[in-house]
There are 4 protein chains.
Amino acid sequence: MSEATAKQGPDTRARILNAAESLFMTHGFEATSMRMITGQAEVNLAAVNYHFGSKDALIQEVFRRRLTELNRDRLGALEAEEALANGAPLKPSKIVAAFFGVSLKMAADTEHGGATFMRLLGRTYTEPNEFVRQFLAEEYAEVVQRFMSALYRALPDVPREEILWRFHFMMGAMSYAIAGTDALQLFAGDFDDEDPTRLMPRLMSFLLGGLRAPLPEEVIESRAIRRDAA
Amino acid sequence: MSEATAKQGPDTRARILNAAESLFMTHGFEATSMRMITGQAEVNLAAVNYHFGSKDALIQEVFRRRLTELNRDRLGALEAEEALANGAPLKPSKIVAAFFGVSLKMAADTEHGGATFMRLLGRTYTEPNEFVRQFLAEEYAEVVQRFMSALYRALPDVPREEILWRFHFMMGAMSYAIAGTDALQLFAGDFDDEDPTRLMPRLMSFLLGGLRAPLPEEVIESRAIRRDAA
Amino acid sequence: MSEATAKQGPDTRARILNAAESLFMTHGFEATSMRMITGQAEVNLAAVNYHFGSKDALIQEVFRRRLTELNRDRLGALEAEEALANGAPLKPSKIVAAFFGVSLKMAADTEHGGATFMRLLGRTYTEPNEFVRQFLAEEYAEVVQRFMSALYRALPDVPREEILWRFHFMMGAMSYAIAGTDALQLFAGDFDDEDPTRLMPRLMSFLLGGLRAPLPEEVIESRAIRRDAA
Amino acid sequence: MSEATAKQGPDTRARILNAAESLFMTHGFEATSMRMITGQAEVNLAAVNYHFGSKDALIQEVFRRRLTELNRDRLGALEAEEALANGAPLKPSKIVAAFFGVSLKMAADTEHGGATFMRLLGRTYTEPNEFVRQFLAEEYAEVVQRFMSALYRALPDVPREEILWRFHFMMGAMSYAIAGTDALQLFAGDFDDEDPTRLMPRLMSFLLGGLRAPLPEEVIESRAIRRDAA
DNA sequence: AATGAATGAGACTTCATTCAT
DNA sequence: GATGAATGAAGTCTCATTCAT
């Protein structure tokens, strides 16, 4: 009855998920075999199929477990700011901080695997695998819609299309920031892996600088034209 | 030389490279098998090993073929600006335009496969495969060093470390911009695939906004400290 | 006894047997997995092993349940005829009718699964699985012996070997007749599935025609030789 | 260049087909694994997929190889009789002999595996596997149509439906006759495996007896009714 | 220069079965 | 009486690569 007598430790399922998460980050989905996963989790090879049904389903579950929490926190941070604002439009910096701050907080959590997951997530946005993209899109649908709405309100003079693009650029910058040192060393071999907590202010000022940058002339012109036509 | 004697058209090698490039972008390296490549290239299965030695060597050749040209053009653009400047430090916008403008130009070239390659490249920066990272680092070493030097001269008041990070963020934003619509649709299903030539000014103003953003307070403080210490 | 207390309905055992019988007929023994059976029976995966011990034992029980009844009825029909005959040898048609009539009666019973079982049985005579053959042989031993004896008495002039062969042929014809429409459509796609009750007279006249057919010349000759030698 | 230097004997493909044919007969399709096949054929495990693509495709090829020949011979035998008959309807016995005689001839050929195949074929008519049935139906379509036409001409007074059923019964009797001793021993353990050449006259007289048997009364009555109506 | 055949290793998945509860 | 979890064995198929021609 004690944990000692239980055959497979506290939770076979969780052990598999943790092993998969870490291996997916290191080697990618395709290059991570079921044997590698069950080997690291010290679990029978068939256990993955028993608990998850297939490798693809395992991949989904790895993401769902974290994304549910991540997106809940993001919405929570946004709603907290909105509560404070008392109906007024939020400052863009608050919105950006709500979204990306939560990401970076999880990325800094090395104890519960949050860091591992965030690096995996950053890579996965560009994952070619069709079903993974599809799954991510579904998981993100609600939260993105909410944040975009907030940004539209916060920046009523900027064309929505432009905001969407800049949000896209910001996602890219953040992903690279988190995927982090690996890719940085790609450009500067001697780069020192320093205190990850200093990443937050660095990234935030870059993102806000980009978000507030003057619109390119063409866009300004085309807006003027549309305005005249109206 | 006639079609009758040359079974496999003008250039078997190039056909393989083109097929591989396109399939790597669509499915990733691992998920792209030799059979898929030789099938699309209409070439014998053994031809890849005959011409390139191994799958890994083929991957390298796919990149080398394009990167050599890409980085030559980048250096060319930088040197052209430097020639105009006549020894004075370049404006940061010129440097950024030299580096990322060449990228976007190739990304806009849909006729010779440049667009395909740039999307592949954007994905590959976060590729887990060790040897691919290694190879990319080598290919990029020189050009990154030259651009960083130029930026250091252009922004003598900004800590070098900070410039390195911001260059890193810029790379991330660009990669996402090019990997492009796919990832954008991930966030906004109804996003219209519009004229790719308009991407350039959009991205450029975002990048410059980020690059010129005020430094985070912490960094400013720590700089002051260091300056005092010196 | 209420539905609330009895989780698995009135009889888990019977539910398993019925599901197995139907699935075996549709997919064969090998291609029918325990999961398929327990899934269709809406029963826990381990229930089969709990109730029957193994898959092989389940197969046996599927047959035993029906064959016991079938062969009892066959012997009953034979004994009824013998009682009427009052010690005289039976007419071959009566014997054949006793054996195959009972088969066809069960094959016509679509309500209690008899039809399903008979089609399964027809297929199983040619089943490669060694232990199934062994089991069938044991189940059939007595009844075949009794019917052969009756036929020997009914046809004293026909060599016993010849009777054995013809009984064998008759079994084949009947099995195909019951496996029925499936195999017939194999030869005539537009064959109409008509009233199964009309199968009985059709098959019976064919079987009797074959049973009474003149012996091949060679057999007649060899019989003459043997008679001379005696 | 000599056979001795060739890595895999004269013909890897044929070796696989032969091994598969024999193992399918002994154990059935499902119970025969690729390992068993490649083991017996002394061939690499991957060779089956290389030469045939999949296990299912191998099964089809096993049948196609023999059925093509078998049905060609059947049509040949029928046409030979028709040539002799000079336009007159054939005697039913000739038609039956053409069809089943060829079967039995192949069944007697123990040297080139014909016997093995015919026993496999007999079993396969009742095979549950859907795609195998489909495939057999296609392979048989033409030859069955030709023989049925001949029988319709030969027996103009017998309802076509009746002929179709009796042909079906005959197929069943033949299949059992060929699947043979195995099933016979099921009914008579001490049955001696005797000269297979004597099977031909035995089966033929049974089949013709069945084919010529008087129609069941019901059929006769319903025919009379139809005739009256006409 | 190019290829058809073949191969050893390893991929994911499913199997029937067991066992503690 | 019944079950959720787990497992070792085995299944089919695909992989990148090699080699004689």
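Rounded to an integer number of Å, the gap from Met34(B) CE to dG4(E) P is 15 Å. We find that CD of Glu42(D) is positioned 21 Å from P of dA5(E), with the value rounded to whole Å. Going from atom CZ of Arg15(A) over to atom C1' of dA6(F) covers 12 Å, rounded to whole Å. Atom P of nucleotide dA16(F) and atom CZ of Phe29(B) are separated by 13 Å, given to the nearest angstrom. Remark: C1' of dG4(E) and CG of Asp11(D) are 13 Å apart, rounded to the nearest angstrom. Between Ile16(D) atom CD1 and dA5(E) atom P there is a gap of 12 Å when expressed in whole angstrom units. Atom NE2 of His27(B) and atom P of dT14(F) are 15 Å apart (whole Å). Atom pair Leu45(D):CG and dA5(E):C1' shows a separation of 16 Å (rounding to whole Å applied).
Residue Thr12(A) places at least one side-chain N or O closer than 4.0 Å to OP1 or OP2 of dA6(F). Dashed line: the shortest gap from a side-chain N or O of Asn44(D) to OP1 or OP2 of dG8(E) is under 4.0 Å. Put simply, Ser33(B) has no side-chain N or O that comes within less than 4.0 Å of OP1 or OP2 on dT14(F).
Judged as a side chain to side chain contact (heavy atoms under 4.5 Å, CB included), and not counting sequence neighbours, the contacts of Phe131(D) are Asp56(D), Ile59(D), Gln60(D), Asn129(D). Contacts of His112(B) classified as side-chain hydrogen bond (donor to acceptor under 3.5 Å, both in side chains), with partners at least two apart in sequence or in another chain: Asp109(B).
Checking Ala31(B) against Arg35(A), the closest nucleotide of DNA chain F that is more toward the 5' end is the one next to Arg35(A). Between Arg13(D) and Met36(A), the residue anchored nearer the 5' end of DNA chain E, judged by the nucleotide with its closest heavy atom, is Arg13(D).
Gln134(B) and Glu138(B) share a donor-acceptor pair across their side chains, judged by distance under 3.5 Å alone.
The stretch residues 17-30 of chain C participates, sequence neighbours left out, in these salt bridge (charged side-chain N to carboxylate O under 4.0 Å, His left out) pairs: Glu21(C)-Arg65(C), Glu21(C)-Arg66(C).
Contact annotation for Thr38(D): no contact, since no heavy-atom pair falls under 4.0 Å across all strands.
Of the residues in residues 46-53 of chain A, Ala46(A), Tyr50(A), His51(A) come within less than 4.0 Å of DNA chain F through at least one heavy atom, sorted by number. Residues from residues 54-64 of chain D lying near DNA chain F, meaning a heavy-atom separation below 4.0 Å, are Ser54(D), Lys55(D) in numerical order.
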Intermediate values then yes/no, salt bridge (Lys or Arg N to Asp or Glu O under 4.0 Å), Glu42(B) and Arg15(B) | CA-CA 8 Å; Glu42(B) 298 182 69; Arg15(B) 296 250 299 288; 5.3 Å; no
Between Thr32(D) and Thr26(D), is a side-chain contact (heavy atoms from CB on, under 4.5 Å) present by the stated rule, with each step listed?
-> CA-CA 9 Å; Thr32(D) 300; Thr26(D) 311; over 6 Å; no
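Side-chain atoms of Ser22(B) never come within 3.5 Å of backbone atoms of Asn18(B) as a donor-acceptor pair (strictly under, hydrogens ignored).
The two residues Met36(C) and Ala31(C) have their closest heavy-atom pair at SD-O, 3.5 Å. Between Arg13(B) and Phe52(B), the shortest heavy-atom distance links the atoms NH1-CE2, 3.7 Å. Ala20(D) and Val62(D) get closest at one heavy-atom pair: CB-CG2, 4.0 Å. The shortest non-hydrogen separation linking Asn44(B) to Thr38(B) is O-CG2, 3.5 Å. In this structure, Ser54(A) and Asn49(A) approach most closely via the heavy-atom pair CA-ND2, 4.1 Å.
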Dot-bracket encoding of pairs in DNA chain F, which uses [ ] for pseudoknotted crossings and | for another strand, Watson-Crick or G-U under 3.5 angstrom = .||||||||||||||||||||
